[in-house]
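Structure first, then comments.
Labels below follow one simple rule: chain letters A, B, ... track the order of the sequence lines, proteins then strands, and each chain is numbered from 1. Keep in mind that this is a model prediction, so the values were computed, not measured.
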Amino acid sequence: MKPYNPLEIEPRLQKVWAASGQDCVDEESDKPRRYVLEMFPYPSGDIHMGHVRNYTIGDVMARYAKMCGFNVLHPMGWDAFGLPAENAAIKNHTHPAKWTYENIAKQKASFQRMGFSYDWDRTVVACDPEYYRWGQWIFLKLWERGLVERRNSPVNWCPDCATVLANEQVIEGKCWRCASPVEKRDLTQWYFKITDYADELLDDLEQLKGWPERVKQQQANWIGRSEGASVDFVLVPSEKISQVGEGFCGASDGLDDEAKCTSLHEPKSESADEVPQKPETVITVFTTRADTLFGCTFFVLAPEYPGIHELVHGTPYEEEVMALVEASKQVSAVERAQGNHEKHGAFTGRYVINPINGEQVPVWVADYVVADYGTGAVMAVPCGDQRDFEFARKYHLPIVPIILPEDDPLYPQLKDEQNRVVTEVDWEAAYAAEGILVQSGPYTGLVGGKHSPGEEAVVKALEEMGRGHRTVEFRLRDWLISRQRYWGNPIPAIHCPTCGVVPVPEEDLPVLLPENIDLAAGETLATHEEFAKCTCPVCGGPARRETDTMDTFTCSSWYYMRYTDPHNDRAPFDSAKANAWMPVDQYIGGIEHAILHLLYSRFFTKVLRDMGMLDFDEPFENLLCQGMVKDEHGETMSKSKGNVIAPEDMIAEYGADAVRAYILFMAPPDKDLLWSEDGLAGLYKFLNRLWRQIYDLAGQAEDDTLFQAGRKPADAQATQKALLRQRHRVVGKVTDDFARNNFNTAIAAIMELSNTTGDYLRANSAESRAANEDLRAFDAEIAETLVKLMAPIAPHWADELWQSVLGRDGSVHEQPWPTWDPELAKADEVELAVQVNGKVKARIMVDAEAAEEDVRAQALEAVSQAIEGKEVRKAIVVPGRLVNIVVG
RNA sequence: GCCCGGGUGGCGGAAUGGCAGACGCGUCGGUCUCAAAAACCGAUACCGAAAGGCGUGUGGGUUCAAGUCCCACCCCGGGUACCA
């Protein structure tokens, strides 16, 4: 017997596999296709345990699918644009491409050392012009479809990375990459209009039956659809204000007053059949709680609301209001994110008219209103909204109860009250839940709340008077894709002084990144004259190239399509090929991409579908988000913390197969994992033990140590029978576990089969087995089954045994998955627990096919002492499990 | 605050409403050995000498039977956050 020596076997077989091309796709095959994909890595250099886990899970799935008879596409590539390469290049006075390609080579070697079965002929590298030219092409197509916009707005700016960031890349007010506090800046940037797809991106989450609930939930929250209404409030002209400073005031006929337009909004257009009026200034709000409109006692604008200065200019309120506007600019995103929510506000001296009842309400500016959600203005209903409530308390604004639960002490008094009789409450918090409307004119008595009859009635009334309508707001913002960095995909646009911003013509793609750039000396694309200077493709005049590059997430939004046709030089991919392979049957990656990459990819897929290039709606049919690998204290591993575990040392000691098996065995794939090396040796021992058993079953164990080690006399035939049963049971169990991604219990089941094999080998000498033809065949079948079951998990171990010990032709990875017979998995006799009132009192052996009556009788007999003198009320027989005898 | 997960031996973790703790690690005992390692065998939730009792975050409930279902609550992790 050759001892198990993974360090010799693994590199040798890796070469054999590479030479055989067995992991490459055969496009001609008529087998059903299956696309198994792991998220491609950033080429950061060394691989870590997170990679090992992610790619081991994917490899097991791919190898298993292949054994199940699928034509499997299992590619790998690199998400190769991005800041770390650029930063490293600056530090080391080298070029990002050099750093990147060196790291790719290193990672590729590590992946090969792990025995991952990738089709290396299909590798996609995002910084390769052959790939990124098609990213530019897609950009132009989005532009054609009106999904690209260049506009000025407040954006997230990371001072350390010296670039802007998308909303999704700001984590708790900090940069997702370097954790620097993010600043707000007003800049002109490029956007993908992902919000055009907001509804579909939300609604189609329901189709994704194979996605984890938590990921769908996160995306739904991020998209954040709110159904409500927009309501128009008319600004009272300054000269019409009669009761300055009193805050909330009683009914007014402001609507009929002559009003002058201020600079806040476009004048509201009046319908033709009305008497022409002077234009009025309208401020629109978005609300999900139009039912509470009668409780609106003030009105609030965000500090960034346009035109605030004009509103207060030259009034006694100007100083205070503008001070607040300035102060709120200084509050960083980090401070906001940390929940420092002390509200600050200032009165503008102005009033608006509440359309539902004509009341004048004072207009405030306050920092608790978000400028870029809804309209940046809100109607404040302190009795029904906690934020408004807190603000009202702080600034002594009235809190009028207009919605109550029926058990409120005020309810009996107000339940039929249409007019306002109570204008102040002593509540400790707002009442935001569903309730009954009171003091609300004709709506009194209706149920109020989100999507309530009261809300519907009020919106209907607003629509009839032309002061509001149903509308939907999203939390999702357009995707800011421009980056002021070199190492990315250049945006194919040209700025012409005469023609404006024009697209680079398709035939001029790719816009190549210049290689001769000295980043360390501070050179950027913008200062690189050779790159920036160009001629306008429309007028031929001198022009300048766009010098921003695209967010790296644009590269990862379609790479999985490219894998289906990676060498196409006429299109990003051939539609027929993409449609044949996609959607991806099984996608595997980290939960950290729950929103970012997975949302952007869904968006790209829908756009390409609308372009007629794809015939499906969603890119990833099944998604497995593997849990994070953390250190023993539960901390995430990172270079900065110095707690990164490198797999190389473990591979050098135990081999890749043991590392693969161990990381699968430690926990279910979707759970976080606290890394500990304690059990790794155990898995290595298991591979060794099983290795010896295979030799023994193959009749090649030179000494009969396993038999000799047996101490307990056992019935040799009984152990064989038990092993046959176990073999069928375990194949069924492992097959089932693989289907549900329960790799840890699959391995446990194989261990059980190995344990039963041990019992058998101890009870049957090698000599006696060799002498019996039936046993020789039986042994060979058991060995074959064990090797095949282990093949996806420990591919080198299995292939070595398959070819060298079992003497089979070809690779085990080309073999069919073992089948099983449920009939043979059944036991003849089963042990049942006998309970009395739910407590186990005895055990009985019964024939597996025994009639219920016989089982009951045997059970009663077994516990006759325990139930003596008691009345047996019931005896419940659960076949194959237990008998529960209920006594009084 | 809201939305997801999750709480089971010394540890990682198993359990379609049906014997809680599969499988492994660790520990203890044993075989082999001059000895040790390796290998192999056995034990191992807790309390108790035993009979037995008691056990899946807490408190209730449904059920012949609850880790699993229902109600209330506590704790931990993740996401999100003045989103009107």
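Comparing B:G24, B:G79, B:C64 by their closest approach to the side chain of A:Gln218 singles out B:G79. Across B:C83, B:G24, B:A39, the shortest atom-to-atom separation from the side chain of A:Lys685 is found for B:A39. Here the nucleotide nearest the side chain of A:Asn755, chosen from B:C82, B:G24, B:U80, is B:G24. For A:Asn221, counting side-chain heavy atoms from C-beta on, the closest listed nucleotide (B:C23, B:C40, B:C3) is B:C3. For A:Glu831, counting side-chain heavy atoms from C-beta on, the closest listed nucleotide (B:C23, B:C83, B:C19) is B:C19. When the nucleotides B:C82, B:C83, B:C64 are ranked by their closest atom to the side chain of A:Ser226, B:C83 comes out on top.
With salt bridges taken as basic N to acidic carboxylate O contacts below 4.0 Å, one links A:Asp672 and A:Lys630.
Ring to ring, A:Trp691 and A:Tyr695 are close: their centroids are under 6.0 angstrom apart. In summary, the aromatic rings of A:Tyr395 and A:Trp364 are positioned with their centroids under 6.0 Å apart. Here the two rings, on A:Phe391 and A:Phe298, have centers that are under 6.0 Å apart.
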Checklist outcome for this item: Given protein heavy atoms under 4.0 Å, the one-letter contact record of nucleotides 4-18 of chain B, with B base, S sugar-phosphate only and - none, is simply S-------BSS-B-B
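Note: A:Ile747 CD1 to A:Leu664 CG = 5.0 Å, rounded to the nearest 0.5 Å.
Here B:G9 is in the syn range [glycosidic angle within 90° of 0].
Applying the side chain to side chain donor-acceptor pair (under 3.5 Å) definition to pairs two or more places apart or across chains, those involving residues 210-220 of chain A are A:Gln219-A:Arg602.
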